[in-house]
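Here the structure comes first, spelled out in structure tokens, and everything after it is commentary.
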Protein chains: 2
Amino acid sequence: MARPPLARAKLLDAAITLVRQQGYAATSVEDVCRAAGVSKGAFFHHFADKDAMALAAAARWTEITAPLFASAPYQDAPPGLPRLIAYLDFRKAILKGSTAEFTCFAGTMAQEIHCTSEPIRAAVEHCISSHAATLEADFTLAILTARRPEALTAQDLALHTQVVLQGAFVLAKAQGGPEIAAQSIDHLKRYLTLLLTPETLP
Amino acid sequence: MARPPLARAKLLDAAITLVRQQGYAATSVEDVCRAAGVSKGAFFHHFADKDAMALAAAARWTEITAPLFASAPYQDAPPGLPRLIAYLDFRKAILKGSTAEFTCFAGTMAQEIHCTSEPIRAAVEHCISSHAATLEADFTLAILTARRPEALTAQDLALHTQVVLQGAFVLAKAQGGPEIAAQSIDHLKRYLTLLLTPETLP
DNA sequence: TTCAATACAGACCAGTTGGTATATTAATGA
DNA sequence: TCATTAATATACCAACTGGTCTGTATTGAA
């Protein structure tokens, strides 16, 4: 090998940023190159085509977000419901900056390419479901100790959590601000509390 | 005036269909013309530019969906919580066909143009919030008779309902099927029931 | 019957798109 | 030290993009 592939990482980061702002189709290869400060030659050296870059960007998105959550403060909360509530407080806490800065690359991609690119669809589905899976252990525990053991599965609840978050992003984009997202996360917290609080209640 | 503007309606319907499949940026003006079976001349006779068409399509989307919900069977349910539950059952019932057929034009547009077109952002925001507003009366009533009068507003709950639906669409697109959407709507039904059921509970 | 306005068609244009071909640079291994 | 190969750059292309221009057909009002 020659020098390390600097451009590749810069291209993926630029792509993720631009897609979160404008969407995938509206982001041209040249846009990405310009934002990354590299040439088109570098782009097509690292990626066969634009879709291959999208696939790599999905992988990079998980690479970025996974450690962010793995080292987040909510991991120190007691397992089960408390940690899930702490997770949602963390999700609220990171609703900072412009809409494009706190919304999800994977969700944005899913909206655009669900009909047109099966590989990308699968890749972003993996982004979302693998993140949801990190919550399953706590859901499993919370369900076990729950007061009302309605027929619930941890996977189902973990995915519903992502549904609320993705929907919160859509409404936040529509409204142009994060307020609705914070409110909806509060509703989700209340739902999980009502559903999974152990033992008695007033 | 000469003959009625046939092409305009066909163009808007085609645009809505295509945007739900591919997104806005990926849908070219020619695509829309071809799908509508009219010429480019007709397109630019009716719309100043592509964005003007998007604005008109947002209005048309409300024109289509408003009567669909206004005449839906859930309107016959008793007011308050029962009607809200019936509403969500209706939303589940219309999760039929391909992903593009049951997902929301406004939500898709919001994801793509939130940073790039303020007028379109406002238009699709109106689509969503005006639909949410149709639920507010029932939420107001349900909150009044609710067992636990936590600080809730009807508007807030109505918007949270839309958050869950929009998020359900995103995950359905990512997964390539409606199952997750139905499950999340069930969670929302359970939440509203836990929160708003009047009087005592076991 | 004429006339003006609306509704539509189709050719055309300049800019942009994704992608290629080719050249240059810089490390690595023999 | 020198060939090889990865990494980056630049010029370029055909296809497509949003948008314009000009022309035509249909209609209602006078």
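All chains are named by letter (A, B, ...) in the order of the sequence lines, taking the proteins before the strands, and each is independently numbered beginning at 1.
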Using the rule given for salt bridge (charged side-chain N to carboxylate O under 4.0 Å, His left out), can you reason through B:Lys96 versus B:Glu101, listing the C-alpha separation, both sets of side-chain angles and the distance that settles it, and then say yes or no? CA-CA 7 Å; B:Lys96 297 292 173 202; B:Glu101 287 171 280; over 6 Å; no
Along DNA chain D (nearest heavy atom to each residue), the more 5'-positioned of B:Lys40 and A:Gly37: A:Gly37
Cation-aromatic face contact B:Lys92/B:Tyr87, 6.0 Å, 45 degrees: no
Counting only heavy atoms not in A:Glu136 (residues, nucleotides, ligands), do more than 12 fall under 6.0 Å from its CD?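 Buried by this count: over 12 neighbours within 6.0 Å.
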The side chain of B:Ala7 is closest to which nucleotide in this list: C:dC8, D:dT8, D:dT10?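 Looking only at heavy atoms from C-beta outward on B:Ala7, the closest nucleotide is C:dC8.
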Of D:dA9, D:dG18, C:dG10, the nucleotide closest to the side chain of B:Ser39 is C:dG10
What distance separates A:Leu84 CG from A:Leu157 CG, expressed to the nearest 0.5 Å?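 If I round to the nearest 0.5 Å, the distance is 9.0 Å.
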Looking at CD1 of B:Ile16 and CG of B:Leu11, how far apart are the two atoms once the value is rounded to the nearest 0.5 Å? 11.5 Å
Take atom CZ of B:Arg8 and atom P of C:dT6, then tell me their distance rounded to the nearest Å. 14 Å
Rounded to whole Å, please give me the gap between CG in A:Leu6 and P in C:dT25. 18 Å
Aromatic rings B:Phe169 and B:Phe102: how do their planes relate, parallel, tilted or perpendicular, breaks at 30° and 60°? tilted
Could you check whether the rings of A:Tyr191 and A:His160 sit parallel, tilted or perpendicular, using 30° and 60° as the cut-offs?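 Plane angle over 60°, so perpendicular.
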Does anything in residues 42-59 of chain A reach DNA chain C, meaning a heavy atom under 4.0 Å, and if so which residues? A:Phe44, A:Asp49, A:Lys50
Expected output is a numbered-order residue list: members of residues 9-33 of chain A with a heavy atom under 4.0 Å from any atom of DNA chain C. What is it?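 Those residues whose heavy atoms fall under 4.0 Å from DNA chain C, taken from residues 9-33 of chain A in numerical order, are A:Thr27, A:Ser28, A:Val29.
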I'd like to know if A:Arg34 and A:Asp31 make a salt bridge, using a cut-off of under 4.0 Å between side-chain N and carboxylate O.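 Looking at A:Asp31 together with A:Arg34, the answer is yes, because their closest N to O distance falls below 4.0 Å.
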